There are 2 protein chains.
Amino acid sequence: MPAFCPRFHRAIELIGRRWTGVILRALRSGRCRFSEITEAVPGLSDRLLSERLKELEAEGIVERLVHPEFPVRVEYRLTEKGRALDQVMDGIASWAERWIDPEDAVSTADAEAAPVATAVSGANPR
Amino acid sequence: MPAFCPRFHRAIELIGRRWTGVILRALRSGRCRFSEITEAVPGLSDRLLSERLKELEAEGIVERLVHPEFPVRVEYRLTEKGRALDQVMDGIASWAERWIDPEDAVSTADAEAAPVATAVSGANPR
DNA sequence: TATAGTCGCTTACGATTGGTAAGCGGGGCC
DNA sequence: GGCCCCGCTTACCAATCGTAAGCGACTATA
């Protein structure tokens with residue numbers, strides 16, 4: 001096995017970008033509208049969701065469908081390439097279930113969802 | 001399936017941080033010394049490798065062994081928790097092999113490995 | 001007519017993180 | 001002494017992220 005593979009590198013840097021993984025998971029779980037995703041993923045802002053979705057669309061992992069109805073409805077769907085990531089996502093989920101301490105995970109999610117009073121006062125947090 | 005799972009989130013943001021994936025792959029392929037990893041991964045700097053290894057050690061994914069020999073030899077190894085990621089890594093590798101265009105990947109790696117003549121010269125006023 | 005609200009973005013700006021280069025400590029080697 | 005090696009650490013600047021606000025097309029309410 002080679003120590004470095006450009007394709008592997010590109011793949012993991014792509015799906016590993018901030019929020020990308022959770023966005024793909026939300027899409028897979030049936031959330032397909034912009035606002036459904038922001039609601040489903042605590043801490044994720046409009047700006048980043050928009051940015052990530054554009055990247056994923058450019059990569060051919062999701063496709064964007066615009067329904068020119070009432071308040072413009074936009075639907076995002078996994079392409080075949082995107083659905084091919086399901087087993088990867090499942091693998092990560094299994095690993096997380098076995099090895100990630102739920103409390104760590106919760107505190108992380110909280111910190112992202114509600115970084116209320118923490119950041120301002122720190123003396124020199126690193 | 002829930003749209004959001006804190007443990008999944010934490011897991012993917014952890015292994016998805018910049019360089020983390022390729023570092024783990026390098027470790028798995030037998031490179032275990034600091035300098036072996038920097039050599040194996042084009043574009044990865046000392047600073048980031050050091051930072052990522054510290055994080056991975058703190059997470060219990062790699063362990064650090066110091067051999068007080070000649071020029072201090074430091075060995076990094078995957079723990080059980082780290083080795084449990086093998087199937088995830090394999091899944092990503094398979095996906096990449098099927099879906100990532102080698103040329104895209106090469107150009108990406110090149111850009112990272114050899115920004116030789118581009119960056120140095122002027123004409124980059126912010 | 002005016003005001004307000006919805007959805008999906010986009011813009012602006014400060015805070016965090018990443019990349020590049022240089023230095024450092026402890027040893028051995030000439 | 002001066003110079004190399006390894007594994008970091010520090011310093012500095014650019015890229016990315018998080019927060020908040022605004023925008024365009026449209027409707028609903030008054």
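Since we're looking at a predicted model, the values are computed, not measured. Excluded from the calculations below are hydrogen atoms, water molecules and symmetry mates; all remaining heavy atoms, backbone and side chain alike, are included. Proteins get letters first, then strands, A, B, ... in listed order; numbering begins at 1 in each.
Under 3.5 Å, the side chain of B:Arg18 and the base of C:dT17 form no donor-acceptor pair of N or O atoms. In terms of polar N and O atoms assigned as donor or acceptor, the side chain of A:Arg47 never comes within less than 3.5 Å of the base of C:dT10 in a complementary pairing. Put simply, the side chain of A:Arg73 and the base of C:dG8 share no donor and acceptor less than 3.5 Å apart.
Across all non-hydrogen atoms, the minimal contact from A:Glu13 to B:Trp19 is OE2-N, 3.0 Å.
Going from atom CG of A:Leu44 over to atom C1' of D:dA20 covers 15 Å, rounded to whole Å. Between the CD atom of A:Glu75 and the C1' atom of C:dC7 there is a distance of 14 Å, given to the nearest Å. Rounded to a whole Å, the CG atom of B:Leu14 is 16 Å from the C1' atom of C:dT17. Straight-line distance from the CD atom of A:Glu13 to the P atom of D:dA15: 17 Å, rounded to whole Å. Taking atom CG on A:Asp46 and atom C1' on C:dT10, their separation rounds to 10 Å, with Å as the unit.
Annotation: salt bridge (charged side-chain N to carboxylate O under 4.0 Å, His left out) contacts of A:Glu97 (sequence neighbours excluded): none. Scanning for side-chain contact (heavy atoms from CB on, under 4.5 Å) contacts around B:Ile12 gives A:Met89, A:Ile92, B:Phe8, with sequence neighbours left out. Shown here are the salt bridge (charged side-chain N to carboxylate O under 4.0 Å, His left out) partners of A:Glu69, two or more places apart in sequence or in another chain: A:Arg73. Remark: B:Arg64 pairs with B:Tyr76 by the side chain to side chain donor-acceptor pair (under 3.5 Å) rule, at least two apart or across chains. For A:Glu63, the side chain to side chain donor-acceptor pair (under 3.5 Å) criterion is met by no residue, not counting sequence neighbours. Residues satisfying the side-chain contact (heavy atoms from CB on, under 4.5 Å) test with B:Gln87, not counting sequence neighbours, are none.
Under 4.0 angstrom from either OP1 or OP2 of C:dG18 there lies at least one side-chain N or O belonging to B:Arg17. Between A:Tyr76 and the phosphate of C:dC7, there is no side-chain N or O to OP1/OP2 separation shorter than 4.0 Å. Taking 4.0 angstrom as the limit, B:Trp19 places none of its side-chain polar atoms (N or O) nearer than this to OP1 or OP2 of C:dG18.
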- Task: Give the dot-bracket string for DNA chain D, reading 5' to 3', where a pair is Watson-Crick or G-U wobble with both distances under 3.5 Å, ( ) marks pairs inside the strand, [ ] marks pairs crossing earlier ones, | marks a partner on another strand, and . marks unpaired.
- Result: ||||||||||||||||||||||||||||||
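Sequence neighbours left out, the pairs with a member in residues 84-95 of chain A that pass salt bridge (charged side-chain N to carboxylate O under 4.0 Å, His left out) are A:Arg28-A:Asp86, A:Arg28-A:Asp90.
Of the residues in residues 48-55 of chain A, those lying under 4.0 Å from DNA chain C by heavy-atom distance are A:Ser50, A:Lys54. Contacts with DNA chain D (heavy atom under 4.0 Å) in residues 29-38 of chain B: B:Arg33, B:Phe34, B:Ser35, listed by number.
Each of B:Leu65, B:Val62, B:Val66 was evaluated against B:Glu75; a single residue qualifies, B:Leu65, per the side chain to side chain contact (heavy atoms under 4.5 Å, CB included) test.
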Check nucleotides 24-30 of chain C against the protein and report each pair of N or O atoms closer than 3.5 Å, with its distance, or say if there are none.
none

Output side-chain donor-acceptor pairs under 3.5 Å for residues 32-40 of chain A, partner residues at least two apart or in another chain, one line each.
{"unit_1": "A:Glu36", "atom_1": "OE1", "unit_2": "A:Cys32", "atom_2": "N", "d": "3.0"}
{"unit_1": "A:Glu36", "atom_1": "OE1", "unit_2": "A:Arg33", "atom_2": "N", "d": "3.0"}
{"unit_1": "A:Thr38", "atom_1": "OG1", "unit_2": "A:Ser35", "atom_2": "O", "d": "2.9"}

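Under the 3.5 Å distance criterion, with hydrogens and angles disregarded, no donor-acceptor pair is assigned to the side chains of B:Arg47 and B:Ser45.
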